[in-house]
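These numbers come from the heavy atoms of this one structure, side chains and all, not from hydrogens, waters or symmetry mates.
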Amino acid sequence: MLELMVQQTNKPPIHAYVCLLKGCSRRKALAEGKQVHALIVQSVLDSNIFLANTLVHMYSKCGSVLHAHKVFKNMPQHNVYSWTAIISAYADSGEVEEAINLFQQMQDTGLAPDKVLFVVVLKACASLASLEQGRKLHSDIIKRGFQSDVVVGCTLVNMYAKCGCTEDARELFDNLSERDVVSWNAMIGGYAQNGLGKEALALYEQMKQEGMQPNNVTFVLLLKACACLAALEQGKQLHSEIMKRGFLSGVVVGNILVDMYAKCGCTEDARELFDNMSERDVISWNAMIAGYAQNGLGKEALALYEQMKQEGVQPDDVTFVLLLKACASLGALEQGKRLHSEIIKRGFQSDVVVGSTLVNMYAKCGCTEDARELFDNMSERDVVSWTAMIAGYAQNGLGKEALALYEQMKQEGMQPNSLTLVLLLKACASLAALEQGKQLHSEIIKRGFQSDVVVGSTLVNMYAKCGCTEDARELFDNMSERDVISWNAMIAGYAQNGLGKEALALYEQMKQEGVQPDNVTLVLLLKVCASIAALEQGKQLHYEIIKRGFQSDVVVGSTLVNMYAKCGCTEDARELFDNMSERDVVSWTAMIAGHAQNGLGKEALALYEQMKQEGVQPDNVTLVLLLNACASLAALEQGKQLHSVIMKRDFQSDVVVGSTLVDMYAKCGCTEGARELFDNMSERDVVSWNAMIAGYAQNGLGKEALALFEQMQREGTKPNEVTYISVLSACAHSGLVDQGRYFFDSMCKNQGVTPTKEHYACMVDLLGRAGCLADAELFINKMPIQPDIVVWMTLLGAARNHGHAEIGRRAFDRVVQLDPKNAAPYVLLSNIYAAAGKKDELAKIRNQMKEAGVKKMPGCSWIEVDNQLHAFVVGDATHPQSKEIHAELDRLVGLMKMAGYKPNLSFVLDDVEDEKENALCGHSEKQAIAFGLINTPFGTPIRIKKNLRVCGDCHNATKIISKIVGRDISVMDANRNHHFKDGFCSCGDYW
């Protein structure tokens, strides 16, 4: 057409050029537009203002702002249309600030803007959220009398709404002299974009009442409001209305319907809509993929992408962002890598959003090195990119690296946003990095983020995690806005710092202020009740949970089970557990923990068998608890089976699991097996060393314990207070008094460890076992802290061992003052008096015991045979093999007496001699030994676990039995492990 026009006339008319330029604008034909421009210059018409304005408009529509500006600059004069054309060019290209600057330049020339230009500049202000500039324009509009124009009015409403001033927008809307569907859409959109979905839907009801007919844009905005509110019923009503009005065939409306159903959690409805769409574009696929991803259905999202490719639909950058997020949530590294390859193939890797999401995906999959390499190689990085990398470090426990990256971020001039600072605060909280947390607090105040409720809540959490609960509370009290997360942060802060009562008191305040707790609140409070054994308050919370309908929540249910169990109510815990509608590994673990922590190891192991039958796989926490149960029962065979499970599930490299395995083998008397495990651990922490040192100590291998302690220090692991308890215990059980004194002094003076009651009890045990009872009593009297019952009981036990009635009586009096219902001190003092032949004192102490209503805890012993635990209680005859057991005991007693055994009757409180001897024969460990002898092949070692300290008579008897029957016998009592062989005990009779 261009060539034809030139051929027909040497100088085409101006209107012909205008038509050609408008055609180029419509088709975005930049090359042809440039040719027309050249002809205009040849025709010396480029000074024509009308043609020049049309040229500016053409270049603008073809995306060449540079050429538009050049034409504008070369114009000999400008009118309002010239300025409108160039300002529109910059605004349409996204250079909004420059558009506003040009508008100010135009005003400086004295040229008056028209209403079209006001609309253009108002839209620019809206996109920048430049409220101040928008208000100035509003004043100018009123001054020039354009406020009654319906288009200007709609644009003003939109500008105020986009700037977050919905009240101003609504006032303007209400005062519009004329309102069309665009006006209503502007106000509905304003509400929806500011998170005021309810107001948007209410305005739609008013719109209908006023007889205004909605268009497809109205429905799109309303569906977005429903999606934000998860207002499914209203969304369904809109769906019906859309169908009634015939808007469903439009791809935009179809896409937003899919999005609405998915956002409301109805992925099946969304998918049905998606599958039935007559036309689908990439946005349709993205909406459905997003729906799956947002509802935790990452696998379905990835499967849909495969279908998308099969149907020949090309993904865009948004598709990849959504899919990478799905991979991140699933930890699907391999699929993430395949998407990465496809991103490179399609040239999206330079897109900053795609790049940032790739960084996030690798980090979420635990590949922080890969994430960092990607981050470092990004051609462009924005605050989202930096935040993604910081989040990657923080979420993978690399808080130091997160904080270091923030320093680099500042050096490169990148300003953090509120999310960046939230993540950094979390890193500080995990590291207990108080000083860096305080610096971030200053930065937050400087940037004006302190009023942000999420930032404020995270600050509270950071101070609490750093142990500064007073600072956390001050911040909490001064927050201008608090939501349930803020309250949860403060409650958690108290709970984590051992301030359970304060946490419960804060919950009362929370209720008084009308804030509704969520499931997280109740879980935190149940944990508090569990930690302080506040059963009554736990029951009140249980009622609150039922009232609020949280009882079906598996996390809440599991925490309830844990609370009841920790408060000693294992039957209530079990009833709750059995009635749970859904149980996961956490639920089973809570119930197993409840049994194990209440001394019901046998029940814990039985529950594990049921767990396996129901197809639930244990995690590392479950296995740690079960190993502890095996250790408490000396159930070595079951412990070995658990070891096999650990190997099969690849948990052996977990330092906690490894340390607990070491502890289990040691507590079952297998110190060689424990040491082999310890030496082969890929990673060892102070807990690992403590487990092995304690294992040696419990088995009377004091020298080995001290040698390992020296090795621990040589290898650079700093001992803690628990280490010294094991070291002092090793010294006590091995009679190493001088070494024990040295280590206690070194711990206080050189290692900076403040002695606890446990350390003092170990020192009393050390001195008492060695017969230094006067020194032990003097040591107690000089303690800087109040001695507890354990310290005095230790002294009383030593007095019993050495027959010191006077010191024993003084220790007894202190124990009874602290715990009047405890039977142990009565038994020990009775043993002292019986051994010393003090019948009068013995009678008095027995009467005192009866008057106090104190009953002796029965001795109980366990033995494991063929993976079954068998329990025996003193004097019990209920075991199915009771007759055989007592026959074996009678046989053994006869052989023992022939070998020189004489029963030590001082360990029985009865008066009749024959009854005393019979009672000794019925001690639980003797029954367990007899059971083991008749149920295991000759030569098989026998392992017994006892809940109390083995008595002197049973100790002597077991030595003789080991020689008579030719068996190794191990007895793990409440104090230590005894290994009997050929008539000797590993403790050397020093226990």
Side-chain angles (χ1 to χ4, degrees), residues 394 421-423 425-434 437 440-441 444 450-567 576 586 590 593:
L421 294 165
V422 162
L423 291 164
L425 286 170
K426 287 181 178 179
C428 290
S430 67
L431 294 169
L434 181 61
L440 287 169
H441 190 178
I444 285 162
Q450 68 272 23
S451 60
D452 183 300
V453 69
V454 177
V455 173
S457 302
T458 315
L459 268 170
V460 168
N461 175 67
M462 182 276 294
Y463 277 107
K465 285 270 176 69
C466 292
C468 302
T469 50
E470 291 184 7
D471 293 325
R473 183 58 189 264
E474 186 179 353
L475 257 169
F476 174 81
D477 289 337
N478 291 325
M479 285 177 73
S480 56
E481 180 189 352
R482 293 190 299 227
D483 59 9
V484 68
I485 296 170
S486 317
W487 289 89
N488 288 350
M490 194 62 242
I491 288 169
Y494 279 138
Q496 290 154 1
N497 284 281
L499 301 170
K501 290 181 179 177
E502 288 78 355
L504 292 169
L506 186 63
Y507 175 57
E508 292 303 315
Q509 182 185 335
M510 179 181 179
K511 288 192 291 184
Q512 287 167 9
E513 294 193 18
V515 180
Q516 299 302 312
D518 61 7
N519 53 352
V520 176
T521 320
L522 294 163
V523 164
L524 289 167
L525 292 165
L526 286 170
K527 287 180 179 178
V528 165
C529 292
S531 67
I532 62 175
L535 180 60
E536 288 309 310
Q537 285 159 297
K539 285 181 176 180
Q540 290 169 17
L541 287 168
H542 189 177
Y543 173 75
E544 188 81 13
I545 285 162
I546 294 168
K547 181 182 171 184
R548 295 185 178 278
F550 289 135
Q551 70 272 23
S552 60
D553 183 298
V554 69
V555 178
V556 173
S558 303
T559 316
L560 264 172
V561 168
N562 176 67
M563 183 276 295
Y564 277 108
K566 285 273 175 68
C567 290
L576 258 170
V586 178

* To do: State whether the number of non-hydrogen atoms from other residues, nucleotides or ligands found under 6.0 Å of Glu474 atom CD is greater than 12.
  => no
* Going by heavy atoms in the side chains, are Leu459 and Gln450 under 4.5 Å from each other? -> no
* Any side-chain heavy-atom pair from Lys527 and Thr559 closer than 4.5 angstrom? -> yes
* Asked: Which heavy atom of Ala489 sits nearest a heavy atom of Ser457, and at what distance?
  -> CB-O, 3.6 Å
* To do: Taking the side chain as every heavy atom from C-beta outward, state whether Leu576 and His542 have any pair of such atoms under 4.5 Å apart.
  => yes
* Chi angles and distances behind the side-chain contact (heavy atoms from CB on, under 4.5 Å) call for Val554, Val586 -> CA-CA 9 Å; Val554 69; Val586 178; over 6 Å; no
* To do: Find out whether Tyr507 and Met510 are in side-chain contact, i.e. whether some heavy atom of one side chain is under 4.5 Å from a heavy atom of the other.
  => yes
* Separation between CG of Leu541 and CD of Glu536, rounded to the nearest 0.5 Å -> 11.5 Å
* Please report the C-alpha distance between Val555 and Asn519 in whole Å, then the side-chain angles of each, then the deciding distance to 0.1 Å, and finally whether the side-chain contact (heavy atoms from CB on, under 4.5 Å) criterion is met. => CA-CA 8 Å; Val555 178; Asn519 53 352; over 6 Å; no
* With a 4.5 Å heavy-atom cut-off, do Asn461 and Leu425 have their side chains touching? -> no
* Do you know the tightest heavy-atom contact between Leu506 and Met490? -> CD2-CG, 3.4 Å
* Asked: Looking at side-chain heavy atoms only, is the closest gap between Leu526 and Ile545 below 4.5 Å?
  -> yes
* Asked: Are the side chains of Asp553 and Leu522 in touch, meaning some heavy atoms are under 4.5 Å apart?
  -> no
* Asked: Backbone N or O of Leu499 within a donor-acceptor pair of the Asn497 side chain at under 3.5 Å?
  -> no
* Glu470 CD: over 12 foreign heavy atoms closer than 6.0 Å -> no
* State whether the number of non-hydrogen atoms from other residues, nucleotides or ligands found under 6.0 Å of Lys511 atom NZ is greater than 12. => yes
* Would you find more than 12 non-hydrogen atoms of other residues, nucleotides or ligands less than 6.0 Å from Ile485 atom CD1? -> no
* **CA sep, side-chain torsions, deciding dist, call: Lys501, Tyr494, side-chain contact (heavy atoms from CB on, under 4.5 Å)** => CA-CA 8 Å; Lys501 290 181 179 177; Tyr494 279 138; over 6 Å; no
* List the steps and the verdict of side-chain contact (heavy atoms from CB on, under 4.5 Å) for Val484 and Thr521. => CA-CA 8 Å; Val484 68; Thr521 320; 3.7 Å; yes
* To do: Over all heavy atoms of both residues, which pair between Cys529 and Cys567 is shortest? Give the atoms and the distance, please.
  => O-SG, 4.0 Å
* Please confirm whether the backbone N or O of Phe476 pairs with a side-chain atom of Arg482, one donor and one acceptor, at under 3.5 Å? => yes
* Atom of Ala495, atom of Ala503 and distance for their closest heavy-atom approach -> N-CB, 4.4 Å
* Which heavy atom in Ala472 sits nearest to a heavy atom in Ala464, and how many Å separate them? -> CB-N, 3.9 Å
* Can you tell me how far the CG atom of Asp483 sits from the CD atom of Gln516, to the nearest 0.5 Å? -> 13.5 Å
* For the residue pair Ser486 and Val460, establish whether any side-chain heavy-atom pair is separated by less than 4.5 Å. => no
* Closest heavy-atom contact between Cys428 and Met462? -> CB-CG, 4.0 Å
